[in-house]
Amino acid sequence: MLAQAAGAVAPRLLGATLESWIDGRQVVARITEVEAYEGQCDPASHAFRGRTKRNAVMFGPAGHLYCYFVYGMHWCANISCAEPGTAAAVLLRAADIVVGEAAARARAAAGRAAPAAALPAAKLASGPARLARSLGLHGEHTGLDLLDAASPVRLLALGEPAEVCSGPRVGVNVGVAEPWRFWLPDAGSVSAFRPGVRRRRGTRQTEQP
DNA sequence: TTGTCGATTGAG
DNA sequence: TCAATCGACAAT
């Protein structure tokens, strides 16, 4: 069921339960916001330019974890969702922590910003980097089979959401026409929408017409 | 080998 | 609104 186009799989992951058992700490989260990333037809996808060492999991079987490092400090987590040889993945953008709030809070406090430990519970996994941090996910976990009962990170159950909202993806400046971001309207953990920005290094944000 | 940019976040 | 911060990858 996971091996379909990312746009079809993504809404089905809303309400799904994800469990991580990392460093001896259990965290269970209910997914509340996701984004679909297709393969070589999606300019916003890491797989757009073909297979590389980093995005290899996106080209593998469905249901595997793809963690990537971004902005020099954050990890984000995806679930692959296509047939082997075809690239597609769903980015996990937000979740409600169901079990293990203390562990998630400890991980937030261990980050560079101490005040993160004071985040309201609904915001602990609000945003892709916060979600990955709360669950303890990083590059070492790339490739894990989320459908394997022996895996430290598992997809326990798929959700059956009554109502799903969709809209453009956050933080991307290509492929913005596709409404490939999906979220549960009643979830407090859903992150805020921010359009993609293209910055020029060394110069102030001055955009020439 | 070098240079640019990024599926973000938190502080000011 | 902007800086932090470093890996990936395109350009040279």
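A, B, ... follow the sequence lines: proteins, then strands. Residue 1 opens every chain.
- Between His46(A) and Tyr68(A), the ring-plane angle classifies as perpendicular under the 30° and 60° cut-offs.
- Counting only Watson-Crick and G-U wobble pairs whose two distances sit under 3.5 Å, DNA chain C takes part in these stems of three or more pairs: B:1-6 with C:6-11, B:8-11 with C:1-4.
- For Phe69(A), taking side-chain heavy atoms from C-beta onward, the closest of the listed nucleotides dC6(C), dT8(B), dT9(B) is dC6(C).
- Note on Arg133(A): a side-chain N or O is less than 4.0 Å away from OP1 or OP2 of dG10(B).
- Between the base of dA7(B) and the side chain of Tyr68(A) there is a donor-acceptor pair shorter than 3.5 Å.
- Taking the P atom of each, dT2(B) and dT5(C) are spaced 23 Å apart, rounded to whole Å.
- For the pair Arg25(A) and Trp21(A), the NZ or CZ position fails the cation-pi test of under 6.0 Å to the six-membered ring centre and within 45 degrees of the ring normal.
- When the C1' atom of dT8(B) is taken as reference, atom CG of Asn78(A) falls 14 Å away, rounded to whole Å.
- The residues Arg169(A) and Asp42(A) are annotated as salt-bridged, a charged nitrogen and a carboxylate oxygen being separated by less than 4.0 angstrom.
- Between Leu91(A) atom CG and dA7(B) atom P there is a gap of 10 Å when expressed in whole angstrom units.
- The phosphate of dA8(C) has neither OP1 nor OP2 within less than 4.0 Å of any side-chain N or O from Thr52(A).
- Taking atom CE of residue Met58(A) and atom P of nucleotide dC9(C), one finds them 12 Å apart after rounding to whole Å.
- Comparing dT8(B), dC9(C), dT9(B) against the side chain of Val170(A) picks out dT8(B) as the nearest.
- Arg93(A) comes within 4.0 angstrom of sugar-phosphate atoms only, judged by non-hydrogen atoms across all strands, and of no base.
- Nearest nucleotide to the side chain of Arg54(A), out of dT1(C), dC9(C), dT8(B): dC9(C).
- If you check dT9(B), dA4(C), dA7(B) against the side chain of Val172(A), the one that comes closest is dA7(B).
- The CG atom of Leu124(A) sits 10 Å away from the P atom of dG10(B) (whole-angstrom rounding).
- Distance Tyr71(A) OH to dG6(B) P: 6 Å, rounded to the nearest Å.
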| said: Evaluate Val90(A) against Tyr66(A) for side chain to side chain contact (heavy atoms under 4.5 Å, CB included), listing each step before the verdict. | reply: CA-CA 9 Å; Val90(A) 175; Tyr66(A) 165 43; over 6 Å; no
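- Separating the CH2 atom of Trp180(A) from the P atom of dA7(B) is a distance of 15 Å, rounded to the nearest angstrom.
- Between the side chain of Ser80(A) and the backbone N or O of Pro61(A) there is at least one donor-acceptor pair closer than 3.5 Å.
- Taking atom CZ of Arg181(A) as the reference point, atom C1' of dT8(B) lies 14 Å away to the nearest angstrom.
- By the 5.5 Å and 30° criteria, Tyr37(A) is stacked with the base of dA7(B).
- Between the NZ atom of Lys123(A) and the C1' atom of dG10(B) there is a distance of 14 Å, given to the nearest Å.
- For dA8(C), its base never sits under 3.5 Å from the side chain of His46(A) at any donor and acceptor pair.
- In this structure Ala87(A) satisfies the side-chain contact (heavy atoms from CB on, under 4.5 Å) test together with Ala47(A), Met58(A), Phe59(A), sequence neighbours excluded.
- Apart from Val170(A) itself, the hydrophobic cluster it occupies contains Phe193(A), where clustering links Ile, Leu, Val, Met, Phe, Trp and Tyr at side-chain heavy-atom distances under 4.5 Å.
- Residue-level contact check: Arg169(A) touches neither bases nor backbone, having no heavy atom under 4.0 Å from any strand.
- Within 4.0 Å (heavy atoms only), Ala44(A) reaches at least one base atom of the nucleic acid.
- The main-chain N or O of Glu38(A) is found under 3.5 Å from a side-chain atom of Ser45(A) such that the two form a donor-acceptor pair.
- Along DNA chain B, the nucleotide nearest to Arg130(A) and the one nearest to Gly72(A) differ in position, and the one closer to the 5' end is contacted by Gly72(A).
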